[in-house]
Amino acid sequence: FFYLGFKNFGSKHIGICMLLVMLVIFPQALGGVRQGVAMSLCFYAFSFLPQKRRTAFIITVLCAGLFHYSSLIMLLMLPLHYLMVSKPESEKKFITKMLVMMIALIGVVIVGFKVIQYIPFLRKYALYSTDAFVEQYGALTASHNILPELASVALIVMFYNHLVKGKKENGRYMFMSIILMLMITLIGFKVPLASRLADYFIAFFILAMTSAIDTFDDKKSRRIMTGVAVAYGVLFFVAGIYLNGSGAIFPYQTIFELLAV
């Protein structure tokens with residue numbers, strides 16, 4: 001579904017996209033498999049919004065909800081898309097609305113985690129917002145994906161004229177999604193589960209990184225940017241998955257040690 005999502009978004013570098021999916025998104029533990037499936041379905045669903053395929057978006061997100069309840073909150077992307085992106089407007093108005101949305105999001109997420117304790121099938125997630133959970137596991141550990149978020153924002157700002165202004169709706173949609181990812185991750189320092197919601201947007205980081213390749217006209221610059229993208233993925237895998245080692249689906253350290261013999 002990640003592949004189908006990148007294809008729907010019109011990526012010219014699907015091979016690199018899928019390599020980065022394996023290096024950055026591939027679940028580290030069996031507990032992340034269900035959400036990994038939900039993440040891929042949601043990203044596929046997100047690709048329907050620029051095409052105005054609302055029914056396909058809703059059905060796909062509902063299917064994602066069968067694997068992980070948390071994905072159901074992604075239904076909010078439908079009104080957000082039409083509020084923030086679909087209407088043509090000036091850059092200044094778009095950025096102003098984005099700032100207002102970011103402030104509103106902080107309140108919605110924090111209040112939302114208080115409300116879910118009264119919803120039977122979501123009540124278990126209220127545990128993640130308690131002070132006891134934060135004290136035991138630490139909000140910083142729960143927000144371990146902050147580096148891709150920061151890299152995403154850096155890319156979207158550096159290449160704003162090419163990726164956002166020049167792409168109109170699709171570019172603004174990608175910009176909005178990346179800003180959402182960063183904001184939810186930052187909220188995750190206070191409400192740890194929020195960082196897991198940010199994971200649903202992480203494929204937009206890969207989309208932005210590979211889209212940045214096309215901002216260069218000469219082959220040399222494109223190859224350098226391609227190398228940077230692949231190097232980032234390898235570095236993330238080595239530092240975030242291989243060296244971490246604990247709870248990995250595959251015992252990466254043992255595998256590489258045997259290969260080195």
Side-chain angles (χ1 to χ4, degrees), residues 1-26 36-61 63-64 71 74-75 77-89 91 94 98 148-149 151-182 199-219 221-230 232-233:
F1 292 107
F2 280 124
Y3 170 83
L4 294 174
F6 290 125
K7 191 174 181 180
N8 272 357
F9 276 115
S11 174
K12 299 177 183 177
H13 309 281
I14 294 181
I16 299 174
C17 286
M18 295 310 297
L19 173 63
L20 291 174
V21 166
M22 296 300 293
L23 291 171
V24 178
I25 300 180
F26 193 79
V37 175
M39 285 165 55
S40 67
L41 279 164
C42 282
F43 182 66
Y44 182 43
F46 295 157
S47 69
F48 292 132
L49 290 182
Q51 301 173 6
K52 306 295 190 295
R53 298 173 61 185
R54 290 174 291 183
T55 302
F57 168 80
I58 293 171
I59 292 174
T60 307
V61 172
C63 288
S71 61
M74 296 301 122
L75 289 171
M77 283 296 286
L78 181 59
L80 279 177
H81 175 265
Y82 284 96
L83 175 66
M84 297 295 304
V85 177
S86 62
K87 298 177 182 178
E89 56 193 8
E91 291 294 321
F94 170 67
M98 182 68 64
E149 273 81 336
S152 301
V153 174
L155 277 170
I156 207 74
V157 170
M158 285 190 298
F159 297 100
Y160 186 87
N161 288 337
H162 299 281
L163 299 181
V164 181
K165 281 188 176 180
K167 297 290 183 179
K168 296 182 181 179
E169 182 175 340
N170 282 354
R172 289 186 175 189
Y173 181 39
M174 182 167 62
F175 181 85
M176 178 188 76
S177 301
I178 286 173
I179 295 299
L180 276 172
M181 178 171 61
L182 178 65
D199 288 343
Y200 286 101
F201 300 96
I202 197 171
F204 281 102
F205 152 65
I206 295 174
L207 187 63
M209 179 166 277
T210 53
S211 296
I213 297 172
D214 297 321
T215 63
F216 298 97
D217 295 325
D218 59 296
K219 289 184 179 180
S221 297
R222 290 163 65 91
R223 287 172 180 171
I224 290 173
M225 189 62 203
T226 300
V228 169
V230 174
Y232 182 94

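With contacts defined as side-chain heavy-atom distances shorter than 4.5 Å, the pair Met77/Tyr173 qualifies. Between Thr210 and Met225, the closest side-chain pair of non-hydrogen atoms is not below 4.5 Å. Looking at heavy atoms from C-beta onward, Met74 lies in side-chain contact with Phe201 at the 4.5 angstrom threshold. Under the 4.5 Å side-chain criterion, counting only non-hydrogen atoms from C-beta, Ile206 is in contact with Ile25. When side chains are defined from C-beta on, Arg223 does not count as touching Phe216, because their heavy atoms never get closer than 4.5 Å.
For Arg54, there are no side-chain hydrogen bond (donor to acceptor under 3.5 Å, both in side chains) partners at least two apart in sequence or on another chain.
The closest donor-acceptor contact from the side chain of Tyr232 to the backbone of Leu20 lies at 3.5 Å or more, if one exists at all. The backbone N or O of Ala64 sits less than 3.5 Å from a side-chain atom of Ser71, completing a donor-acceptor pair.
Taken from CG in Leu41 to OG1 in Thr60, the straight-line distance is 7.0 Å, to the nearest 0.5 Å. The distance from atom CE of Met181 to atom CZ of Phe204, rounded to the nearest 0.5 Å, is 9.0 Å. To the nearest 0.5 Å, the span separating CG on Leu80 from CG on Leu180 amounts to 6.0 Å. To the nearest 0.5 Å, atom OH of residue Tyr200 and atom OG of residue Ser40 are 10.0 Å apart.
Nearest heavy-atom pair across Ile178 and Ala208 is CD1-CB, 3.7 Å. Shown here for Val24 and Gly233, the closest heavy-atom pair between the two residues is CG2-CA, 4.2 Å. Closest of all the heavy-atom pairs between Met39 and Ile202 is CE-CG2, 3.9 Å. Nearest heavy atoms, Leu78 versus Leu49: CD1-CD2, 3.6 Å.
In the displayed structure, Asp217 atom CG is contacted under 6.0 Å by at most 12 heavy atoms of other residues, nucleotides or ligands.
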Met174 and Phe46: CA distance, side-chain angles, deciding distance, side-chain contact (heavy atoms from CB on, under 4.5 Å) verdict: CA-CA 10 Å; Met174 182 167 62; Phe46 295 157; over 6 Å; no
Ignoring hydrogens and angles, write down the donor-acceptor pairs under 3.5 Å from the side chains of residues 1-12, residues two or more places apart or on other chains.
from	atom 1	to	atom 2	distance (Å)
Asn8	ND2	Ser47	OG	3.1
Ser11	OG	His13	N	3.2

